[in-house]
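Heavy atoms only: backbone and side chains are in, while hydrogens, waters and symmetry mates are out.
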Amino acid sequence: MPPIHAPVLIVGGGPVGLTVALELSHHGVASTVVEPRLVVEHDRPRAKTTTARTMELFRRTRVSGEIRRRAGIPVDYSDEIRFCTTVTGAEITRITGALGLDLTASPLTSEAGQQVTQPVVEEVLRDRLAGDPLVTLLFGSRATAVSLGEPTRVEITDASGEVQVIEADFVVGADGSRSVVRSAIGALYEGAPGGRPNVNITFRSQALAGLLPGRAAIHHWVLNPEAPGVVGPLDLDGTWWAIATGAASIADDDEAIALVRGLVGADIDVEVLATDPWQARLLLADSYGSGAAYLAGDAAHQNPPWGGHGFNTGVGDAVNLAWKLAAVIHGWAPRELLASYEEERRPIAVQTITFAASNMRTLSVDLSDAALMRDDEQGVRARSVAAAAIQAAKRAEFHSLGLVLGYGYAAESADQAPTGEIYRPQARPGNRLPHARTAAGASLFDALGPEFTVIGSTEKAQPLVDALSDRGVPVAHLDAVAQGFDEHDVPVLAIVRPDQHLAWVGETAPEQLDSVIDAALLGFTTAAAAAS
């Protein structure tokens, strides 16, 4: 059969690949997604934390509400991490306000975080894209060969073994650790497995919830040295997940049941749905691609799950890459803009890997102690001492707004997030636009346009709006103060990129408007290199 043409071919239809397709469609660009899985498997939930920043990005494309509606756990169920001897045993301490789950209606963000499994997110994205005329979904097929060129040719093999060739202007590899796109690019992972064996167990138990009155939490970190690990709910109907930390494998369901009962501390009913042994990986591709082929998500980087940042970092990749591809395809940004994808996103992956590796240094197995299990006065003292140590060691893992909201793409971005825990919003180029709300609760982000937005009074903003329009850049104007936002909460004058990051900030329009627009259309690092 003659080759099919696709403006963008996305290899891999997990949450990252689907987000690339969604973002491209948001900007009016057609794409084709190739994914071997016909259906999404729910028994292996993988990622369970969708951060506030990821929910903000999904809000732009109108899927955040559906993700919350389908989530098995409401956002207001709990924002607490509980540390205990066993799930039903003595409580040692709690970390509250965890994982951005307490940010509903916050001035810091347009969206709170959400506990929701990766399969649910995938199904929301699949359903949203299924009716999209700009997206072709080839489920049940896989990319078996990639030949880079003009155009790039990708062989697609379906379940029956039939081969079809797709010619693409651009290829995005969102195909995970065994990425065929990464192989074609010639990129290599740097780093190594992080060690620390673990086993995931997904199970059902009707009795467990009834044993936890007043003990609701998103995570129960069990510090029993006989069965260290973590347990948490997947929904409110009796489905749970557990991680047995330090366990390298599980022989059969009987062993899995015994592990769960050891974690819970009670002889509960347990129906094992799935078990998965795993080891964390600390891997980063030495290239994110160039020309016509790029990597995103696990194909570009892998980090330990502690803190919940891997999948979320991939969504950030997807949005950053897709709006830039769309701008180049539509012709209003130079092709050099694509070089900024790796320059902006790879350092974020380095931050994420470093942060997650730090979290991994202190797991349940490291915090466990036989003295904590005692019922006497010595046990009470041991738990009191342990509580302070746990707060010191683990708080940053669950309070990471510096990493989640404070990352940026310019040298000065570190000022607003000196640690992964601290976030002090600053309206400076490269940073995410600091969020604000009107007195009625309206979100500043909802008032932005789909492409570039100039914030400022009409008098101040008009020269920038005209300059962008004259260059063919789609641009909206937002007089934020006139729309009810406090003048102290918004920049006097700013250019905001499609991904909500600030391209330029000032008091008045500069005399050299062309240089400002050039910088906005090149990305921060690329623009700085061009200027020098």
Is a salt bridge present between [X] and [Y], judged by a nitrogen-to-oxygen distance below 4.0 Å?
{"X": "Arg381", "Y": "Asp376", "value": "no"}
{"X": "Arg142", "Y": "Glu35", "value": "no"}
{"X": "Glu397", "Y": "Arg361", "value": "no"}
{"X": "Glu123", "Y": "Arg126", "value": "no"}
{"X": "Glu342", "Y": "Arg345", "value": "no"}
{"X": "Glu91", "Y": "Arg383", "value": "no"}

Polar side chain donor-acceptor pair, [X] to [Y], under 3.5 angstrom:
{"X": "Asp43", "Y": "Thr202", "value": "no"}
{"X": "Thr352", "Y": "Asn303", "value": "no"}
{"X": "Ser177", "Y": "Asp298", "value": "no"}
{"X": "Thr313", "Y": "His301", "value": "no"}
{"X": "Gln500", "Y": "Arg432", "value": "no"}
{"X": "Tyr77", "Y": "Gln115", "value": "no"}

Would you say [X] has more than 12 foreign heavy atoms packed within less than 6.0 Å of its [atom1]?
{"X": "Arg37", "atom1": "CZ", "value": "yes"}
{"X": "Glu226", "atom1": "CD", "value": "no"}
{"X": "Asp375", "atom1": "CG", "value": "no"}

Closest approach of [X] to [Y] (non-hydrogen atoms, all atoms of both residues):
{"X": "Ala98", "Y": "Ile81", "result": "CB-CG1, 3.6 Å"}
{"X": "Leu263", "Y": "Ala227", "result": "CD2-O, 3.1 Å"}
{"X": "Thr61", "Y": "Glu23", "result": "CG2-OE1, 3.9 Å"}
{"X": "Leu234", "Y": "Trp241", "result": "CD2-CD1, 3.4 Å"}
{"X": "Ile185", "Y": "Gly289", "result": "CD1-CA, 4.0 Å"}

Under the 3.5 angstrom rule, does the side chain of [X] hit a backbone N or O of [Y] as a donor-acceptor pair?
{"X": "Asn224", "Y": "Pro228", "result": "no"}
{"X": "Arg437", "Y": "Thr109", "result": "yes"}
{"X": "Asp235", "Y": "Thr239", "result": "yes"}
{"X": "Glu56", "Y": "Ala112", "result": "no"}
{"X": "Lys48", "Y": "Arg46", "result": "yes"}
{"X": "Thr419", "Y": "Ile422", "result": "yes"}
{"X": "Arg128", "Y": "Val63", "result": "no"}
{"X": "Glu255", "Y": "Ala251", "result": "yes"}
{"X": "Ser358", "Y": "Thr354", "result": "no"}
{"X": "Arg82", "Y": "Arg215", "result": "no"}

Exercise for the section: Report the residue from Asp102, Val116, Thr104 that forms a side chain to side chain contact (heavy atoms under 4.5 Å, CB included) with Val75. Expected result: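 Running side chain to side chain contact (heavy atoms under 4.5 Å, CB included) over Asp102, Val116, Thr104 with Val75 returns exactly one hit, Thr104.
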Quick check: do [X] and [Y] have side-chain heavy atoms less than 4.5 Å from each other?
{"X": "Gln351", "Y": "Leu403", "value": "yes"}
{"X": "Ile201", "Y": "Trp240", "value": "no"}
{"X": "Val315", "Y": "Leu57", "value": "yes"}
{"X": "Ile92", "Y": "Cys84", "value": "no"}
{"X": "Ile166", "Y": "Leu138", "value": "yes"}
{"X": "Tyr423", "Y": "Gln416", "value": "yes"}

Exercise for the section: Just do the side chain to side chain donor-acceptor pair (under 3.5 Å) check on Gln391 and Thr93 with the steps written out, would you? Expected result: CA-CA 8 Å; Gln391 290 286 338; Thr93 190; 2.9 Å; yes
Handout entry: Evaluation steps, salt bridge (charged side-chain N to carboxylate O under 4.0 Å, His left out), between Asp127 and Arg70
Key = CA-CA 12 Å; Asp127 291 349; Arg70 295 198 198 180; 2.9 Å; yes
Exercise for the section: Decide yes or no on side chain to side chain donor-acceptor pair (under 3.5 Å) for Thr245 and Asn198, but give the supporting numbers first. Expected result: CA-CA 5 Å; Thr245 54; Asn198 307 271; 5.1 Å; no
Problem - Verdict with reasoning, Gln164 to Asp158, per side chain to side chain donor-acceptor pair (under 3.5 Å) - result: CA-CA 8 Å; Gln164 171 71 60; Asp158 66 17; over 6 Å; no
Handout entry: Evaluation steps, salt bridge (charged side-chain N to carboxylate O under 4.0 Å, His left out), between Arg182 and Asp175
Key = CA-CA 9 Å; Arg182 189 178 63 250; Asp175 47 344; over 6 Å; no
Practice task
Kindly say whether the aromatic ring centers of Trp323 and His501 come within a distance under 6.0 Å.
Solution key: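 Judged by ring-centre distance (under 6.0 Å), Trp323 and His501 do not meet the cut-off.
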Problem - is_close_aromatic(Phe398, His219), centroid dist under 6.0 Å - result: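 Ring-ring flag for Phe398/His219: true, centres closer than 6.0 Å.
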Practice task
Mind telling me whether Tyr288 and Tyr341 have parallel, tilted or perpendicular rings, with 30° and 60° as the class edges?
Solution key: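 Judged by the thresholds at 30° and 60°, the geometry between Tyr341 and Tyr288 is tilted.
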Handout entry: Residue pair Ser64, Glu111: steps toward the side chain to side chain donor-acceptor pair (under 3.5 Å) verdict
Key = CA-CA 8 Å; Ser64 61; Glu111 292 273 353; 3.0 Å; yes
Practice task
Could you please spell out the steps behind the salt bridge (charged side-chain N to carboxylate O under 4.0 Å, His left out) verdict for Arg346 and Glu190?
Solution key: CA-CA 12 Å; Arg346 195 170 185 272; Glu190 298 173 340; 3.2 Å; yes
Using a 3.5 Å cut-off and no angle test, enumerate the donor-acceptor pairs between side-chain atoms of residues 273-280 and protein atoms at least two apart in sequence or in another chain.
from	atom 1	to	atom 2	distance (Å)
Asp276	OD1	Arg44	NE	2.9
Asp276	OD2	Arg44	NE	2.9
Trp278	NE1	Asn200	OD1	2.7

